[in-house]
2 protein chains.
Amino acid sequence: MLRMTKQADYGIVLMSYLANQPERPFSAPDLAVETQLPLPTVSKVLKHLCREGLLSSHRGVKGGYSLSQDPRQITVAAMIAALDGPIAFTECIEDTPGSCSQEDNCHLRANWQRINQSVTQALEDISLFDLAVSSRPPLVQLGSVRGALAN
Amino acid sequence: MLRMTKQADYGIVLMSYLANQPERPFSAPDLAVETQLPLPTVSKVLKHLCREGLLSSHRGVKGGYSLSQDPRQITVAAMIAALDGPIAFTECIEDTPGSCSQEDNCHLRANWQRINQSVTQALEDISLFDLAVSSRPPLVQLGSVRGALAN
DNA sequence: CAAAAATAGGACTCATTCAGTCCTGATTCA
DNA sequence: TGAATCAGGACTGAATGAGTCCTATTTTTG
Ligand code: FES
Ligand code: FES
């Protein structure tokens, strides 16, 4: 497996969508319809991303979410980290030392960190902008799907 | 999080140990003592690795496990894939098409594959040999820990 | 000023998956 | 023949994730 959570999955989908429509904010219900993802979870993810500083929110009737930064500045690593927590392939990697029982006589710690670093680097090399340009649909579709689903 | 399972974790630890002691096979109980990991799980992981072709086994009284290939030929990606299954960051990546509900109108599929490919590449660039050389302990220790734990 | 629409935050439940254990059989060596 | 080891799978308990829902708070609009 080795897969990220659906939260991160959804988050990247949502961020990509927003990166393609930078002109105005989108509300959670709108985004749920557009991406065909379940509204409550979408809402949860958006709130999370907002708390982490990747999105800006605006309350009230005409409120919604929009990117808080230039898509070129946002890396895939940052999005995953925001939703799934720090990228730590094994327990011993996590910030707190002492979390691993074998820490003192373990000669692998440096290796875990190397593996971890390698993967992190790979994810940092891809920006939201990179994802957005290639996922941009024919713009006609912008809203044509709206209302297709009930939720 | 974004972490691999303990199976893969243990597997890499065990493989690294074996890579440092290429002269003879080790039994599951021996390896459990040396690595200070729980025996039943160690046994399970070893069997798994053997079935996947990364280890050779030899039954009987003087049996045990040993690497079936040159450590330079074994990548971290291969070990993780053997234990955790194919590296697939999101559901849509998995082999079977049709697994994702949004497949037809999804413009992100290429992106997932790019992310996935990037991470896979990072893990393929590290070989077991790379891990082993840096984790090699002072060889005096070879067995000094033996018997320190009961299981 | 009041109502509607949206976000903020968190509690909660259910399903899935993982970690770990255990048992039964097959193989090898002394 | 018997002891030690691997082979394979079934099983249980715990942890985690996905998803839902409820109650504020904020903002716009009539
Ligand atoms: S510190 Fe945890 S296995 Fe090395
Ligand atoms: S195919 Fe699954 S999200 Fe695109």
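Owing to the predicted nature of the structure, the values given are computational and were not obtained by experimental measurement. Naming: A, B, ... by sequence-line order, numbering from 1 per chain.
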Using only side-chain N and O atoms of [X], determine if any of them is under 4.0 Å from OP1 or OP2 of [N].
X        : N       : result
Tyr10(A) : dG19(D) : yes
Arg51(A) : dG9(C)  : yes
Tyr65(A) : dA8(C)  : yes

How many whole angstroms separate atom [atom1] of [X] from atom [atom2] of [N]?
X        : N       : atom1 : atom2 : answer
Asp30(B) : dA4(D)  : CG    : P     : 13 Å
Lys6(A)  : dT16(C) : NZ    : P     : 10 Å
Leu31(A) : dA5(C)  : CG    : C1'   : 15 Å
Asp9(B)  : dC18(C) : CG    : C1'   : 13 Å
Phe26(A) : dT7(C)  : CZ    : C1'   : 17 Å
His48(A) : dG19(D) : NE2   : P     : 16 Å
Leu49(B) : dA7(D)  : CG    : C1'   : 14 Å
Leu39(A) : dC21(D) : CG    : C1'   : 12 Å

Closest approach of [X] to [Y] (non-hydrogen atoms, all atoms of both residues):
X         : Y         : value
Ile126(A) : Ala122(A) : CG1-O, 3.8 Å
Ala78(A)  : Leu54(A)  : O-CD1, 4.0 Å
Asp125(A) : Asp130(A) : O-OD2, 4.0 Å
Thr75(A)  : Glu124(A) : CG2-O, 3.5 Å

Candidates [options] - which lies nearest the side chain of [X]:
X        : options                  : result
Thr5(B)  : dC18(C), dA7(D), dT21(C) : dC18(C)
Ala28(B) : dT21(C), dT20(D), dC6(D) : dC6(D)
Gln7(A)  : dT7(C), dA19(C), dA18(D) : dA18(D)
Ser27(A) : dA18(D), dA6(C), dA19(C) : dA6(C)

Distance-only donor-acceptor test (3.5 Å): side chain Lys44(A), base dG19(D): yes
Touch class at under 4.0 angstrom, heavy-atom based, for Lys47(A) against every strand present: base
Members of residues 55-63 of chain B that approach DNA chain D, where some heavy atom sits under 4.0 Å away: Ser57(B), His58(B), Arg59(B), Gly60(B), Val61(B)
side-chain contact (heavy atoms from CB on, under 4.5 Å) partners of His58(A), counting only residues at least two apart: none
Side chains of Leu55(A) and Ser68(A) in contact at under 4.5 Å (non-hydrogen atoms): no
Minimum side-chain heavy-atom gap Gln69(B)-Leu128(B) below 4.5 Å: no
